Structures are given as C-alpha cells and as structure tokens.
Amino acid sequence: MVQDIFAKDIKSAYGLFHEGILALALAERQGMRVDVTYINRQSERITRQIVGLETQFYFSKFFSDWKKSRKGKATKININSSSQLGEYLYGTLELKPTKLTATGKGSTDVEAITQLNIPELNKLLEAKKLKKLRDTYLAGFLREAVDGFIHPFFNLHLVRTFRGSSNSPNFQNVPKRDKVAMQTVRQALYPREGNQLLELDYEQLEVKIATCYHEDPNMLEFIRTGHDFHLDFTKEIFQIDAYDPKVHKVLRAATKNGFVFPEFYGDYYKNCATYMVSNWCNLPSVGIWKAGQGIEVGTEHVSDILLRGGIKSATSFERHLKEIEDDMWNNRFKVYAQWKERWWKQYQKQGYFLSKTGFLFKSVMTRNDAINYPVQGAAFHILLLALIHATKALEREGMKTRIVGQIHDAIVFDVYPPELKKVVRIMKCIMENDVRQIWKWINVPLKVDAELCPVDGSWAEKQDYKI
DNA sequence: GGAACTCGCCAC
DNA sequence: AAACGTGGCGAGTTCC
C-alpha cells in the first residue's frame, strides 16, 4: 500500500499535526477579548442605518414594480432573497444576466447588479453589506462570547489541502480590506487589559513555497533580490515606462489581484481580461473606449493610458493579455510551467503525491487542484511549525504573552508590553531561521512582517511595525 | 421543524 | 487540453 511506502513521511506529518493541535488548543483556551457593550451599541447603530436605507428602497418605483410582479405567488416579497430578485430581473424584466451562478441562473451578486446600472438597487446593496457586518460578525462574536472572551476553534481535520480552518466564530475572515467594515468589526476585538495585539505574517509565503517545488531560476532570483515582479507585469500590461508608485498604485493592485495571482492559481487570460476590464479598471466590456473612461489614475483615467498604448477595446485588451500570458509561461517562468506539467503527469500516472511536509494526497483531483494543494498545504505547515515552537518558547521563558489565533500565514499575539521586544526577537528567529533548520527543503529566504496595535487598542488600530 | 441545498461574501 | 485554489457562515428555499 502507498501508505506503507511513505510510512516515515506520514509519521512526521502526523507528528506535526499532533503537536500543532495541542498548540492550537492552547490558543483556543486563551481566546480573544471582546467588547460586548461596543457590539450592542454598534448593532443598534447599524440597524438604524439599515432601516433608513431600506425605507428609501421601499419608496422606489423599482420596489413597487417588483412587489406587483409577485401578485399571485405563494411567497410574498422578501428583499433579502437573491432568488426572488433574480426571478424579477431576469424573468419578469427579461434583463440579460452579465454573469451566471454555478447552477446556471442569472447572478445577483454585487458585480452583476452593478453592471445592470439600476441606481435604485444601490440602497439595497448598501443595506446588504451592513447586514453582513451585523449578522455574521458582530452577532457571531456576541453569540460566542463567554465572560468577555471569544474562543475561536482552530481545526486541522477539515481541509483537503491539509491547511487549518477556524469556526465559532471564524477567526480567519474578519473584514480587513474595506475600511468601514474593518473598523466596525475589528473595534470589537481587544487585547487583555494593559496588553497590545501583535500580528506576525509571512511575506509572500505561497509564492515562495511554490518555488521550493518548481525551483524556477527566475522566480528564485526575484525572491533572493526582493524584486517586485508585480511591477514588471504592471508595466507590461499598461505599457508604462516610468512607474510612479503614487500615481500607478491602483494599476499594480489590479495586475497583482486580477492577473498574476489568478494565473498562479491556474486561471487564464480570457477570464483575467474580463475581470480586469470590469472589476479593476471599470471600463466597458463592449465597444471602443474613449478618453477619460474607467478608474482614475493620477490626473488621467485608465482608458487614456491604454489608448496611448494602442489598446482600445476589451477585445484588444484580451489579445494583449494573451501575449503577456504566453511570455509569462513560455519565457519568464518556463521552469515553473514545466514543473506544473511534470507534477500533473506524475499524479495522473500514480494517483497520488506527497507534499514537501510529508502529507499524502490521494483523492481525485483536477489539474489545478493537483498543482495548488501541495503548495497551499506546505505553506500553512511552515506557519504551524513556527506556532508550535512559539508556544513552547513562551512557556519556556515563562512569559505573559499569549498566542490567540492563526490566519493561515499569520500568528496573532496578545502581548504583555514589557515583553514586546523579546517576543519579536524570538519570533523572528523561529519564523525566519529555525523552521529552515528543521526543514532543509525550504531553499528560499523567509521574511516576517509585523503589525502592532497600541496598548489597550482594538484590532482595528493595527499599524505596520518595523522589526 | 430540521436537513440539505444554493447563493453571496468575508478571509488567505 | 483546459481554464481560479481553500475555508465558514447567514439567509432563503426546498424537501421530507
């Protein structure tokens, strides 16, 4: 049996999870402090906002027409219902969906609704967003709070890639990118009295771990020199010679999240082009673009930049992206591409593979699955190994600082301020050096970034902290 | 009245 | 040749 051949690997993988779950159980027991009074106050405030937005929506012509259209139906109108909205938009009104759901029905998500360009629906979208904050996050914290603490679970037995997960409440999806959502929710979470929250995360961990598998020399060079390859792609896609971070930051974000990462996960130019045009550039998907269209970039608009480079429609943007994709996989990251093929062929032949961390993957996988799983899993295992050693170090040193959570490539601490410097020093050593001593296959440098909150400050107040 | 499903959205 | 990876969770809906 395959299991017998890899007994040694599987045993060490088991050892990691055995020690890992003990360290995570301690973090669960510690828990994170919540401000129940704040949550109650905030929930009431959000409810008032929701009522205001919904009242405006109820007075709209759109709503009265929608309501009329449901005459004679068994269930009465419910503005929270995606299926009712979809029925009305794509059935009754016969609008053409810009996007379909997994089961082939017209989508009613933010992207699809926005493209329909029905201003009255904006109130509904705003209200839905607030409900998410109130009902998922704030209500979840309140429900799970015991004596002013939440104790999120950290599981190691639920994810097919052998990553971890969290629930009740989920500690790993607290709003971060949207500023208002971030503030509203994270202000509910606090350190222990007199303490401060510290978050240490690995920079570019998955990209680096993928490199440990494929060992592409160009990627290795980027990592060793700290070269920003997202910038190279930004310059190519938008044909910019002089990159000015102040002006072109939005284009770099669009490139990184709309092209480079999707390509790494196995997406291809057509999807990326559609997504970049509509979501990141806010440009029309049909017709010839005009000056002054799309997102603002400094003093001009994104269409001005693309037109200057001779890209004048979504169709020509797609052709352009195909060329960049070809160059990406045939030249720049050729060895990476070859590894993907080899890895996939090997899995097809054998029906299983082993991760760098000794985990045996033998389920039925698609091509993208087989390529992504071992990377995602092993990246998390580095974090878990660091977390185990951190837990032991805090215990050994008799420190008052605690680990309260884990977010895939990050550890969250509730720090006793006099120990801050020491914690950072020990952790930097564990995360960047010790794990590489233990796992020699990590042949790339690892780097830790830190974010710190003020003493007695909430999780919303975290700031970059140079270590 | 609960299980199972869909959809949408938050994180990495 | 094929076409974005992993979760948790709330609300609505359908089925038993």
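Every chain is numbered from 1 and lettered A, B, ... according to where its sequence line falls, protein lines coming before strand lines. Worth saying up front: this structure is predicted, and the values here are computed from it rather than measured.
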A/Lys340 to A/Tyr336, cation-pi by 6.0 Å centre distance and 45° axis angle: yes

Sugar-phosphate, base or nothing in reach of A/Tyr373, heavy atoms under 4.0 Å: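 Answer is sugar-phosphate: A/Tyr373 comes under 4.0 Å of backbone atoms only.
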
Spacing of A/Met328 atom CE relative to C/dA3 atom C1', expressed in whole Å: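 So the two atoms are 14 Å apart, to the nearest Å.
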
Sugar-phosphate, base or nothing in reach of A/Lys105, heavy atoms under 4.0 Å: sugar-phosphate

Lys/Arg-Asp/Glu bridge criterion (N-O < 4.0 Å) met for A/Asp369, A/Arg160: no

C/dT13 phosphate, OP1 or OP2, under 4.0 Å from A/Ser81 side-chain N/O: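 Yes, such a contact exists.
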
Sugar-phosphate, base or nothing in reach of A/Leu205, heavy atoms under 4.0 Å: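 If one applies the 4.0 Å heavy-atom cut-off, A/Leu205 turns out to touch nothing in the nucleic acid.
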
Distance in angstrom units between A/Tyr137 OH and B/dG8 C1', rounded: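 Spelled out: OH on A/Tyr137 to C1' on B/dG8 is 12 Å.
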
OP1 or OP2 of C/dG12 under 4.0 Å from side-chain N/O of A/Asn80: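 Affirmative; the distance criterion is met.
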
Neighbour count above 12 (heavy atom, 6.0 Å) for A/Lys249 NZ: no

Heavy-atom donor-acceptor pair, A/Gln172 side-chain to C/dG7 base, under 3.5 Å: no

Residue-phosphate contact under 4.0 Å: A/Asn173 side-chain N/O, C/dG8 OP1/OP2: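 False: A/Asn173 side-chain N/O out of range (4.0 Å or more) of C/dG8 OP1/OP2.
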
Atom pair distance, as rounded to whole Å: NZ in A/Lys322 and P in C/dA3: 16 Å

B/dA11 phosphate, OP1 or OP2, under 4.0 Å from A/Arg163 side-chain N/O: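 For B/dA11, OP1/OP2 do not have a side-chain N/O of A/Arg163 under 4.0 Å.
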
Phosphate contact (C/dG7 OP1 or OP2) by A/Ser166 side-chain N/O below 4.0 Å: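 So the side chain of A/Ser166 is outside the cut-off, no N or O lying under 4.0 Å from OP1 or OP2 of C/dG7.
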
Flag if over 12 foreign heavy atoms under 6.0 Å of NE2, A/His227: yes

Touch class at under 4.0 angstrom, heavy-atom based, for A/Arg134 against every strand present: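 No contact.
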
Spacing between A/Tyr88 atom OH and C/dG12 atom C1', to the nearest angstrom: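 The distance from OH of A/Tyr88 to C1' of C/dG12 comes to 20 Å, rounded to the nearest Å.
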
Residue-phosphate contact under 4.0 Å: A/Thr366 side-chain N/O, C/dA2 OP1/OP2: no

base_contact_polar (B/dC10 base, A/Arg177 side chain, donor-acceptor, <3.5 Å):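 Answer is no: no donor-acceptor pair is held.
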
Face-on cation placement of A/Arg332 at A/Phe233 ring, 6.0 Å and 45° thresholds: yes

Nearest listed nucleotide, side chain of A/Asn372, among C/dG5, B/dC10, C/dT13: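 So the nucleotide nearest the side chain must be C/dG5.
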
Cationic N near anionic O, under 4.0 Å, A/Lys447 to A/Asp449: yes

Integer-rounded Å distance: C/dA2 P and A/Ile371 CD1: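 After rounding, the reported distance stands at 14 Å.
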
Nearest to side-chain heavy atoms of A/Ser165, which nucleotide of C/dG10, C/dG8, B/dA11: C/dG8

A/Lys123 to A/Phe57, cation-pi by 6.0 Å centre distance and 45° axis angle: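 Pair A/Lys123/A/Phe57 does not count as cation-pi.
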
Phosphate OP1/OP2 of B/dC12 contacted by A/Lys176 side-chain N/O (<4.0 Å):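 Yes, such a contact exists.
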
C/dG7 phosphate, OP1 or OP2, under 4.0 Å from A/Gln376 side-chain N/O: no

Closest to side chain of A/Val159, choosing from B/dC7, C/dT6, C/dC4: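 Per side-chain heavy atoms of A/Val159, the pick is C/dT6.
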
Between C1' of B/dC12 and NE2 of A/His381, the distance in whole Å: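 Value for this atom pair: 15 Å.
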
Phosphate OP1/OP2 of B/dG8: any A/Thr108 side-chain N/O under 4.0 Å: yes

OP1 or OP2 of C/dA3 under 4.0 Å from side-chain N/O of A/Asn368: no

Touch class at under 4.0 angstrom, heavy-atom based, for A/Val110 against every strand present: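 Sugar-phosphate, backbone atoms only, no base.
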
Short side-chain N/O contact to C/dC4 OP1/OP2 from A/Tyr268, under 4.0 Å: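 Answer is no, no contact under 4.0 Å.
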
Candidate nucleotides B/dA11, C/dG8, B/dC9, ranked by approach to the side chain of A/Pro175 - the nearest: B/dA11

A/Arg160 vs C/dG7: side-chain N/O to OP1/OP2 distance below 4.0 Å: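 Answer is yes, contact under 4.0 Å.
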
Rounded distance (Å) that lies between atom C1' of B/dC10 and atom CG of A/Asp135: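 Nearest whole value for this atom pair: 14 Å.
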
C/dC9 OP1/OP2 closer than 4.0 Å to side-chain N/O of A/Thr136: no

A/Phe6 CZ: over 12 foreign heavy atoms closer than 6.0 Å: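 Buried by this count: over 12 neighbours within 6.0 Å.
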
Sugar-phosphate, base or nothing in reach of A/Glu206, heavy atoms under 4.0 Å: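 No contact.
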
Nearest-Å distance for atom pair CG/C1', residues A/Leu158 and C/dC9: 14 Å

Polar side-chain contact A/Lys132-B/dC10 base: donor and acceptor under 3.5 Å: no

